[in-house]
Structure formats: structure tokens, C-alpha cells
Amino acid sequence: MRRGIASVVGLRLASTELPRGTNRPILVRPRPAILVRSLAGRRVAGVHRFGKRIAIEFDDDETRPRQWLVIEPRMTGMLLIGRPPTDAHVRIVLGFASRKVPRLLFWDRRGLGTARLLDEAGLQAACGPTKLGPDALGVSAADLQTRLSRSRRAVKVALLDQRVVAGIGNIYAAEILSLAGVDPRVACRRLSGADWDRIALASRTILADAVSHEGSSLGDATYQTPDNRFGSFQDHHRVYGRENQPCHDCGTLVVRFVQAQRATFFCPACQWRPRRRRVRLQQTD
DNA sequence: CGTTCAACCTGGGCGC
DNA sequence: TGCGCCCAGGTTGAAC
């Protein structure tokens with residue numbers, strides 16, 4: 001998404017529109033009238049990604065400090081230079097005086113996304129290390145181990161915590177643990193160093209692979225790149241969305257269950273619980 | 001500290 | 001065809 005909108009860098013804003021949402025408008029800060037005025041005539045100095053968030057950076061000028069429009073697409077939000085899937089649900093239209101890139105849209109069907117114009121301190125508070133852990137595309141086993149080795153949380157739930165590691169969502173948490181061969185239900189403190197090695201490697205591998213396939217475009221969240229290409233990573237999913245279908249590695253049927261109010265998919269044969277260290281009573285069968 | 005639940009929304013899919 | 005449910009790449013805060 002970030003790379004797809006990089007062509008707006010250097011362009012100057014000619015207009016900002018916030019079309020009325022159907023029911024409730026998406027969360028925009030500051031309120032629309034002020035946001036529009038704050039953005040008028042600004043030049044885009046850069047586009048950045050912090051975990052799942054995109055930050056469009058605007059130069060400072062005589063009256064205004066350097067600021068960042070931080071966009072959280074959440075479930076169905078997309079940044080588009082091309083056409084929106086529907087005319088409804090266009091939330092923000094940034095117009096540029098450019099033939100090549102006349103506009104950048106934030107489209108969000110469900111409207112759960114947010115957009116906030118922040119100064120340096122606000123950016124730090126929203127996207128700094130207190131809110132976001134190391135990026136999942138480059139996370140190391142040591143990063144994960146120092147944050148989670150004493151945690152009692154189930155490893156899949158912990159991987160979804162953006163303060164632990166930034167950028168892993170529900171699809172990729174399942175895919176990462178599948179590749180790593182780790183049971184999503186296991187408490188973090190039960191995992192070994194070798195487990196963390198495999199999880200960190202799987203995180204980097206799965207996300208790099210997903211990015212190169214331009215994401216997963218499935219039913220609800222039909223992701224499109226900013227220039228309207230659909231992702232294809234859904235065709236490479238090991239477990240996500242594959243309930244009752246055979247595991248590609250062993251043929252066992254993929255299981256779906258709910259964990260922290262989110263669907264979890266895993267192969268119960270390839271992703272086993274580690275044996276408890278505590279001695280168990282002998283079974284007398 | 002960890003888990004569960006509700007809330008914020010729209011719309012596709014499914015069973016009846 | 002219509003209706004009611006369940007489900008969905010997310011985050012937050014309250015309650016237990």
C-alpha cells in the first residue's frame with residue numbers, strides 16, 4: 001500500500017474533500033473543517049509505514065509545522081489512486097495538481113478506519129515504540145523472546161498485539177504459526193528458543209511473501225493495490241480460510257476455532273502442543 | 001496479568 | 001424472494 005502511493009511524494013495538495021458517510025463518518029482528527037484548512041496547499045514530503053498504519057508526511061511552511069496524516073485502514077480501508085470499488089464509502093479525497101496522479105482516495109466500506117493529522121509529538125505517541133513493537137518484516141527471535149518469554153498468553157493472541165510486534169494481523173498470525181509448526185494455543189512461556197527462532201523466521205518469510213503477492217484478496221476484505229490490482233496471496237494460504245481442507249504437508253484436515261474473538265486456523269498434526277515438562281501420572285490403562 | 005465482551009460499521013453468504 | 005443470522009485482513013476500553 002505504501003509503495004503504491006509513493007508517486008504522490010513531491011505533489012502539492014489542491015483540494016481535500018471528506019464526503020459524507022452513510023451513517024457515521026470515519027473517525028477523523030481534527031474535525032473536518034479544521035483538517036481541510038490544515039491541509040490546504042501542503043506539499044507531500046514522504047509516505048511512510050508504521051506497522052499497519054500509513055503516514056503521509058507534509059512539509060512545514062510559514063504558519064504550519066511538519067505534520068503527518070496517519071491512516072489506519074483497519075478491516076476494509078484502502079488507499080487508492082485508481083477507481084474505488086464503489087462510489088459509496090469514499091471517505092477522503094486528496095486532490096493534486098498533477099495529471100499523472102490527480103487524486104488519492106481513502107475508501108473504507110465498513111468505516112472502521114481512522115485518519116489523524118498529527119505533529120511530531122503526535123506521530124511519536126501514535127506510532128512510536130510505546131504503541132508499536134519491532135516491525136514484523138524484520139523481527140528477530142530475540143525481539144520476540146524478550147517480550148514474550150514470560151507471558152502466559154496464547155502465542156497467537158500475543159502475535160496480534162501490535163505493541164509486541166507491529167504488522168501481524170489475523171490471517172498472517174495463522175500463516176506464521178503454521179509455517180513455524182507451532183500450536184496457536186500454547187502459552188508463550190512454554191515455547192523454546194528454537195520455537196522463537198522458527199516463529200521469527202516465519203514472520204519475516206510469510207510477510208515478505210504476502211507483500212510480494214500483493215496481499216490476500218478474499219471475500220470480505222477484498223484488498224486492492226492503489227492501482228486496482230488484486231492480491232493473490234490467498235492462493236498460497238497454508239491454513240487461513242481452509243477449515244476442513246487437507247493440510248498441504250500432512251493431509252490432516254485444517255481446524256478452525258475461536259481465540260480472543262477471532263477465527264484461528266491450524267493443522268492439529270503439524271502444529272502440536274509441546275509436552276509439558278512436569279511429570280504426569282502414569283496412565284494405568 | 002489475562003480473558004471476555006461490546007462497540008464501531010457494511011454487506012456477502014447461508015439456511016429456512 | 002425475503003429474512004435473520006453468522007461472518008469478516010482491527011482496535012479500544014470496561015468488566016471480571
Side-chain angles (χ1 to χ4, degrees), chain A residues 1-2 19-29 49-54 70-79 84-91 106-116 125-127 130-133 136-137 147-178 184-190 203 206-207 209-211 213-225 230-244 256-265:
Chain A
M1 197 181 267
R2 189 200 68 77
R20 299 282 305 171
T22 356
N23 259 339
R24 147 195 160 280
I26 62 160
L27 176 70
V28 169
R29 292 275 146 76
R49 178 183 68 82
F50 300 100
K52 301 177 184 174
R53 296 155 196 191
I54 296 284
V70 174
I71 292 178
E72 261 189 56
R74 302 213 180 164
M75 304 283 267
T76 52
M78 291 190 274
L79 288 168
T86 64
D87 288 337
H89 311 312
V90 173
R91 310 294 178 157
F106 181 51
W107 181 91
D108 185 2
R109 196 185 70 192
R110 287 174 71 179
L112 301 177
T114 69
R116 291 173 293 169
C127 298
T130 59
K131 283 287 176 67
L132 301 178
L137 277 156
R147 286 171 174 75
L148 296 176
S149 61
R150 287 170 305 281
S151 168
R152 298 170 186 273
R153 294 154 93 188
V155 59
K156 192 257 190 171
V157 177
L159 290 180
L160 289 175
D161 184 341
Q162 302 301 299
R163 290 166 305 188
V164 169
V165 51
I168 298 175
N170 202 39
I171 290 181
Y172 300 120
E175 294 299 302
I176 288 164
L177 292 177
S178 167
R185 300 166 295 187
V186 173
C188 291
R189 65 202 302 232
R190 299 251 168 255
S203 173
I206 289 288
L207 289 178
D209 218 15
V211 170
H213 287 91
E214 313 205 278
S216 305
S217 299
L218 355 126
D220 179 61
T222 302
Y223 176 71
Q224 293 183 31
T225 60
F230 291 102
S232 61
F233 194 67
Q234 68 279 3
D235 301 332
H236 301 265
H237 285 178
R238 302 168 56 87
V239 289
Y240 188 89
R242 299 192 60 246
E243 183 181 20
N244 289 331
R256 174 191 185 277
F257 71 103
V258 174
Q259 211 175 9
Q261 285 69 246
R262 315 294 304 278
T264 296
F265 297 86

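Below, read A as the first sequence line, B as the second, and so on, with proteins coming before strands; counting in each chain starts at 1. Keep in mind that what you see is a predicted model, and the values were worked out from it rather than measured.
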In whole angstroms, the gap separating C1' of B/dG12 from CZ of A/Arg110 amounts to 12 Å

Write down the distance between CD1 (A/Ile71) and P (C/dT11), rounded to a whole number of angstrom. 15 Å

Pick the P atom in C/dC5 and in B/dA6, then give their distance to the nearest Å. 15 Å

Give the nucleotide from the list C/dG10, C/dT12, B/dT10 with an atom nearest to the side chain of A/Met75. C/dG10

Between A/Asn170 (side chain only) and A/Ala263 (backbone N and O only), is there a donor and an acceptor less than 3.5 Å apart? yes

With the side chain of A/Arg109 defined as its heavy atoms from C-beta on, choose the nearest nucleotide among B/dG2, B/dG11, C/dT11. B/dG11

Spacing between A/Arg29 atom CZ and B/dC8 atom P, to the nearest angstrom: 15 Å

Rounded to whole angstroms, how far apart are CZ on A/Arg153 and C1' on B/dC1? 10 Å

Describe, in one word, how the ring planes of A/His236 and A/Phe233 are oriented to each other, choosing from parallel (under 30°), tilted (30 to 60°) and perpendicular (over 60°). parallel

When the P atoms of C/dC6 and B/dC5 are compared, how many Å lie between them, rounded to an integer? 14 Å

Take atom CD of A/Gln261 and atom C1' of C/dA8, then tell me their distance rounded to the nearest Å. 14 Å

Between OH of A/Tyr172 and P of C/dA8 the distance, given in whole Å, is 16 Å

Roughly how many Å is it from NZ in A/Lys52 to P in C/dT11, rounded to a whole number? 4 Å

When you look at A/Asp161 and A/Arg153, which way does the side-chain contact (heavy atoms from CB on, under 4.5 Å) test go after all the steps? CA-CA 11 Å; A/Asp161 184 341; A/Arg153 294 154 93 188; 3.1 Å; yes

Pick one: which of A/Arg116, A/Arg29, A/Arg91 meets salt bridge (charged side-chain N to carboxylate O under 4.0 Å, His left out) with A/Glu72? A/Arg116

Rounded to whole Å, the CD1-C1' distance (A/Ile168 to C/dT11) equals 16 Å

For A/Tyr172, the option from A/Leu177, A/Leu160, A/Leu207 that meets side-chain contact (heavy atoms from CB on, under 4.5 Å): A/Leu207

Starting the side chain at C-beta, find the nucleotide from B/dG11, C/dA8, C/dT11 nearest to A/Ala263. C/dA8

If each of A/Val258 and A/Arg262 is mapped to the nucleotide of DNA chain C with the nearest heavy atom, which maps nearer the 5' terminus, i.e. the 5' end? A/Val258

Under 4.0 Å between a side-chain N or O of A/Arg256 and OP1 or OP2 of C/dA8? yes

So if I take every side-chain heavy atom of A/Glu72 and compare against B/dG11, B/dG2, C/dT11, which nucleotide ends up nearest? C/dT11

May I ask you to evaluate whether A/Ser151 reaches the phosphate of B/dG2, defined as a side-chain N or O under 4.0 Å from OP1 or OP2? yes

